[in-house]
There are 2 protein chains.
Amino acid sequence: MDPRRTPGQRAGLSREQVLAAARDSLLERGLSGLTMRAVAQRLGVAPNALYSHVPDKAALVEDLLDDALGAVPDPPADADWRTGLRDLMARTHAVLLDSPDLVPLYLGRGARGPNARRLGAGVLDLLARGGVTGPEAQEALRALIVYTIGFAAFEVQPGPEDADPGERSAGLSGTFDRGLGWLLAGIGG
Amino acid sequence: MDPRRTPGQRAGLSREQVLAAARDSLLERGLSGLTMRAVAQRLGVAPNALYSHVPDKAALVEDLLDDALGAVPDPPADADWRTGLRDLMARTHAVLLDSPDLVPLYLGRGARGPNARRLGAGVLDLLARGGVTGPEAQEALRALIVYTIGFAAFEVQPGPEDADPGERSAGLSGTFDRGLGWLLAGIGG
DNA sequence: GTGGCGAACTGTACGCCGTCCAGCTATATT
DNA sequence: AATATAGCTGGACGGCGTACAGTTCGCCAC
């Protein structure tokens, strides 16, 4: 509630602004700092004002999750299916690491938004190009998703205090690639 | 606060009883129903009484997490390393599915308790029997954990409403086995 | 213009949460 | 029997998500 605005006057918020404020809040204060009140304060608005733009906090978080996936590009249409998959999962992995606080939520509630569906379709398309279709493709899709998100979740944890996080992260990203290779080799049959 | 006990009188709680009550509460009311107040009520005690036995809620949850892993048995000492690994991970997977509400937490904060360490050591032992040691073993360990917990997390989600959960779960557990096979094949080199 | 309507916002409040503090008391120790 | 201590209590604090009712502004029909 900006003091220069008398009560009832509009702040002109939009759903996008609310989402952006939520993202900022998450970035600066972490997951536990992502509260309706914090987001509202960042927008100079009373907490309940958010409910004109978002049904509830769960919906807000869900939008946050799917939005993050928007940063993953579609694979090029002419790539070899296996390298295409490797690339797509690696990019997804990288995007997940960009917003560490969100990662546990993907596994807790899953992402069912448009971007999640787009990526799922992309994976299935690549698999089909490799001759993997039907239920087997569903299995492969699930294994890839699980591995990618699961790995990111593991990476994002605080972990026991030893070496500096830079080095640890570097070693891990190599591990991600190797395990992904195992999976892809298996999927090919 | 059992009315038959006048204030100051002891209920004779123990840390184990608090843990048990927390488990029951989790089972009946789900993760969001796991509150200090609910646990206390189940024990016939004021909420703050719990703090005589548990530092805070986070510690309680951590104990819950590690306790659940206690149900996973050690692999037999004479098993083939690959089938031993397959068995161990499958058992872990099954145990995870037994307390679905906990699964997301494993990825959110990880398990570092004695049982988690025991299982980790067991995996490393089996890997060593297969000639996989050093940093490569660490990578394999991580990949196996990630895959197992990640898969359970995925399975435990509500998912889009279609077929009955029994059938869905059956199909999934086959998928778990297959992906695990891919991983193990890759680890062997 | 002007009247009215609906959307955006406010203050306030409710019911929860985890947890701290100060007191009381039943038990264990000496 | 006197004392210390551990286990419990009532009460409260600050913070959370969010419902309710009211106020006020921007817009559109007339």
Side-chain angles (χ1 to χ4, degrees), chain A residues 1-26 28-65 101-102 104-105 108-109, chain B residues 1-26 28-65 101-102 104-105 108-109:
Chain A
M1 32 189 159
D2 183 342
R4 294 179 315 185
R5 251 185 310 111
T6 60
Q9 211 159 3
R10 306 203 173 178
L13 292 191
S14 70
R15 187 186 179 91
E16 285 74 29
Q17 286 174 42
V18 173
L19 272 176
R23 250 190 311 268
D24 293 352
S25 200
L26 186 68
E28 283 184 22
R29 314 281 231 200
L31 188 57
S32 76
L34 177 61
T35 70
M36 298 304 260
R37 287 172 153 88
V39 173
Q41 188 177 22
R42 196 173 285 265
L43 293 166
V45 141
N48 10 0
L50 304 180
Y51 289 86
S52 298
H53 306 278
V54 160
D56 54 16
K57 189 186 180 183
L60 198 168
V61 169
E62 201 150 323
D63 281 0
L64 241 41
L65 289 177
D101 292 303
L102 290 183
L105 299 180
R109 25 222 272 192
Chain B
M1 25 179 169
D2 183 342
R4 295 178 316 184
R5 249 187 310 109
T6 61
Q9 211 160 2
R10 303 199 174 179
L13 292 191
S14 70
R15 187 186 179 90
E16 285 73 29
Q17 286 174 41
V18 173
L19 272 175
R23 250 190 312 267
D24 291 351
S25 200
L26 186 67
E28 283 185 22
R29 315 280 232 199
L31 187 56
S32 75
L34 176 61
T35 70
M36 298 303 260
R37 286 172 155 88
V39 173
Q41 188 177 22
R42 196 173 286 266
L43 293 166
V45 142
N48 11 2
L50 304 180
Y51 289 85
S52 298
H53 305 277
V54 160
D56 55 16
K57 189 187 178 180
L60 198 170
V61 169
E62 201 149 323
D63 281 0
L64 241 40
L65 289 178
D101 292 303
L102 290 182
L105 299 180
R109 25 221 276 193

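Convention: sequence-line order gives letters A, B, ...; per-chain numbering from 1.
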Determine which pairs satisfy salt bridge (Lys or Arg N to Asp or Glu O under 4.0 Å) with at least one residue from residues 14-25 of chain A, sequence neighbours left out, and list them in order.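 Pairs touching residues 14-25 of chain A that pass the test: A:R15-A:D63, A:R23-A:D67.
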Partner set under salt bridge (Lys or Arg N to Asp or Glu O under 4.0 Å) for A:E28, not counting sequence neighbours: A:R42
On a heavy-atom basis, which atom in A:L34 and which in A:A22 lie closest, and how many Å separate them?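 Smallest interatomic distance, heavy atoms only, reads CD1-O, 3.5 Å.
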Which pair of heavy atoms, one from B:L31 and one from B:L26, lies closest together, and at what distance?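 Closest approach of B:L31 to B:L26: CA-CD1, 3.7 Å.
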Could you give the [atom1]-to-[atom2] distance, from [X] to [N], as a whole number of Å?
| X | N | atom1 | atom2 | answer |
| --- | --- | --- | --- | --- |
| A:Q41 | D:dG15 | CD | C1' | 13 Å |
| A:Q17 | C:dC9 | CD | C1' | 14 Å |
| A:L60 | D:dG17 | CG | P | 10 Å |
| A:L13 | C:dC9 | CG | C1' | 9 Å |
| A:R29 | D:dC16 | CZ | P | 10 Å |
| B:L50 | D:dG7 | CG | C1' | 12 Å |

Under 3.5 Å donor-acceptor pairs involving side-chain atoms of residues 43-50 of chain A, not counting sequence neighbours:
none

Protein-nucleotides 3-6 of chain D N/O pairs closer than 3.5 Å?
| residue | atom | partner | partner atom | Å |
| --- | --- | --- | --- | --- |
| D:dA6 | N3 | B:R10 | NH2 | 3.0 |

Using a cutoff of under 3.5 Å, can you pull out all pairs of nitrogen or oxygen atoms linking the protein to nucleotides 18-22 of chain C, with atom names and distances?
| residue | atom | partner | partner atom | Å |
| --- | --- | --- | --- | --- |
| C:dG18 | OP1 | B:M36 | N | 3.3 |
| C:dG18 | OP1 | B:K57 | NZ | 3.0 |
| C:dG18 | OP2 | B:M36 | N | 3.0 |
| C:dG18 | N7 | B:R37 | NH1 | 2.4 |
| C:dG18 | O6 | B:R37 | NH2 | 3.2 |
| C:dT19 | OP2 | B:Y51 | OH | 2.6 |
| C:dT19 | OP2 | B:K57 | N | 3.0 |
| C:dT19 | O5' | B:Y51 | OH | 3.2 |
| C:dC20 | N4 | B:N48 | ND2 | 3.0 |

List for me each residue that meets side-chain contact (heavy atoms from CB on, under 4.5 Å) alongside B:A38, sequence neighbours excluded, and say none if there are none. B:S25, B:T35
Counting neighbours of CD on A:Q41 that are heavy atoms of other residues, nucleotides or ligands and sit closer than 6.0 Å, is the number greater than 12? no
Would one find a side-chain N or O of A:H53 under 4.0 angstrom from OP1 or OP2 of C:dA7?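 No, A:H53 has no side-chain N/O under 4.0 Å of OP1/OP2 on C:dA7.
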Would you mind listing every side-chain hydrogen bond (donor to acceptor under 3.5 Å, both in side chains) that reaches into residues 51-61 of chain B, with sequence neighbours excluded?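 side-chain hydrogen bond (donor to acceptor under 3.5 Å, both in side chains) check on residues 51-61 of chain B returns no pairs.
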